[in-house]
Amino acid sequence: LPREYLEAIYDSIREEEIKTEGEGADGSMTVERWKDVLRGSAEEETHADELPSAADAEDLSELVLEHVWMPIMSSISSLWGVKNPGTSAFGEQGGAPMDAGSSGMHGAQGARLGMDMAWEMLVGVRQLGRNDIFCKIFKCICKFSGLLDYSSNAAGRAWAFSNSVEAQSAVIIALRIVRDANSEIDAEGWKYVWAMIFELRDLKMLGGGVSNSRKSLLRESDSDLLNGERRREWTMK
């Protein structure tokens with residue numbers, strides 16, 4: 001290389017040492033150095049047209065959401081005592097709730113925290129307009145209710161659900177979403193909703209109208225829409 005070129009490099013390094021602000025003797029990445037890297041240069045002038053736009057912020061929010069929604073749902077499944085959710089909880093098969101022994105003071109606290117997290121997740125995703133992720137989260141919650149798992153007999157399923165505040169919490173969140181965001185639930189999500197309702201009916205936990213004195217876990221808040229014959233047909237199925 002030409003002598004003049006090498007001398008110019010040497011003089012440049014001698015006059016302006018290669019370093020980053022806040023760098024330690026060991027060359028470790030400090031907070032200041034990360035700031036320099038992110039800014040590109042501590043000396044660089046920031047122009048108005050280089051500021052992130054609202055669209056950029058929204059894209060970043062969606063990118064973060066795509067990476068965190070499954071771990072958050074995994075945390076909710078743990079609070080609700082779902083056994084071995086794994087990837088199956090986000091696929092075709094749902095996790096089964098734990099035995100009723102997880103309920104109690106700690107079970108109630110975990111169930112409440114899980115409800116709050118699930119509700120905030122659904123509301124937040126809905127506000128971002130990511131209906132694809134919204135529907136996936138909704139179907140996860142339906143599966144966490146345990147009402148879509150038929151691995152045990154009817155008596156076992158009825159006992160497990162009626163004694164699990166966690167499973168009941170999942171049903172409460174699902175029904176609240178059905179009430180508030182029914183137009184955003186996809187066809188498969190509605191299949192899950194009706195499957196839960198039919199399971200509650202089959203387990204004799206779905207009351208039929210305010211005048212029905214039969215003990216049940218859930219009861220219609222308004223007058224029975226079915227006449228006596230249709231109600232008996234519904235109940236006997």
Side-chain angles (χ1 to χ4, degrees), residues 69-86 88-91 93-126 134-182 185 189-210 212-222 235:
W69 77 268
M70 288 183 67
I72 292 176
M73 293 308 298
S74 179
S75 299
I76 294 173
S77 72
S78 179
L79 289 169
W80 282 346
V82 180
K83 292 188 295 186
N84 303 321
S88 64
F90 313 106
Q93 302 296 325
M98 279 186 171
D99 294 335
S102 63
S103 296
M105 183 181 69
H106 296 295
Q109 292 175 346
R112 179 65 202 203
L113 179 57
M115 287 179 67
D116 291 341
M117 291 176 62
W119 180 256
E120 293 299 330
M121 275 290 293
L122 286 164
V123 171
V125 174
R126 185 184 178 196
F134 173 85
C135 290
K136 290 178 181 179
I137 294 175
F138 176 76
K139 285 178 277 192
C140 282
I141 292 172
C142 292
K143 294 171 184 177
F144 292 165
S145 71
L147 294 175
L148 306 178
D149 175 36
Y150 311 105
S151 58
S152 59
N153 57 35
R157 299 199 307 271
W159 183 89
F161 183 79
S162 61
N163 289 279
S164 173
V165 67
E166 299 91 345
Q168 295 168 26
S169 299
V171 173
I172 291 171
I173 292 297
L175 295 181
R176 285 185 62 186
I177 288 298
V178 169
R179 181 192 64 187
D180 296 345
N182 52 77
I185 301 173
W190 277 110
K191 290 179 181 179
Y192 286 16
V193 171
W194 284 108
M196 290 192 300
I197 292 175
F198 289 145
E199 175 70 352
L200 289 171
R201 177 203 64 182
D202 295 342
L203 298 179
K204 310 302 181 186
M205 293 183 177
L206 193 61
V210 294
N212 192 330
S213 59
R214 181 170 59 84
K215 183 180 179 181
S216 60
L217 182 66
L218 299 176
R219 188 182 305 278
E220 298 171 18
S221 58
D222 299 321
T235 303

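- In this structure the side chain of Y192 never reaches within 4.5 angstrom of the side chain of L147, judged on heavy atoms.
- Using a 4.5 Å heavy-atom threshold, the side chains of F161 and E199 count as separate.
- Between L203 and A154, the closest heavy-atom pair is CD2-O, 3.4 Å.
- One finds the OG atom of S77 at 12.0 Å from the CD atom of E166 (value rounded to the nearest 0.5 Å).
- Between L148 and the choices M196, K191, K139, the side-chain contact (heavy atoms from CB on, under 4.5 Å) rule is met once, by M196.
- Minimum interatomic distance between I177 and F134 (heavy atoms only, all atoms of both residues): CG2-CZ, 3.8 Å.
- Counting heavy atoms from C-beta on, the side chains of I141 and M73 come closer than 4.5 Å.
- Between the side chain of S169 and the main chain of V165, a donor-acceptor pair closer than 3.5 Å is present.
- The two atoms that bring Q168 and S162 nearest to each other are NE2-O, 3.1 Å, heavy atoms only.
- Side-chain contact between W190 and N182: present, with at least one pair of heavy atoms (C-beta onward) separated by less than 4.5 Å.
- Across all their heavy atoms, I76 and G114 have their closest contact at CG2-O, 4.0 Å.
- Residues F138 and I185 are in side-chain contact: their nearest non-hydrogen atoms beyond the backbone lie under 4.5 Å apart.
- To the nearest 0.5 Å, atoms OG (S145) and CH2 (W80) are separated by 9.0 Å.
- The main-chain N or O of S74 is never found under 3.5 Å from a side-chain atom of S78 such that the two would form a donor-acceptor pair.
- Two residues are said to be in side-chain contact when any heavy atoms from C-beta on lie closer than 4.5 Å; L122 and R126 fail this criterion.
- Pairing each heavy atom of R157 with each of D149, the nearest pair is CD-O, 3.3 Å.
- Note that CD of Q109 is 11.0 Å distant from CG of L79, once rounded to the nearest 0.5 Å.
- Rounded to the nearest 0.5 Å, atoms CD (E120) and CD1 (I72) are 11.0 Å apart.
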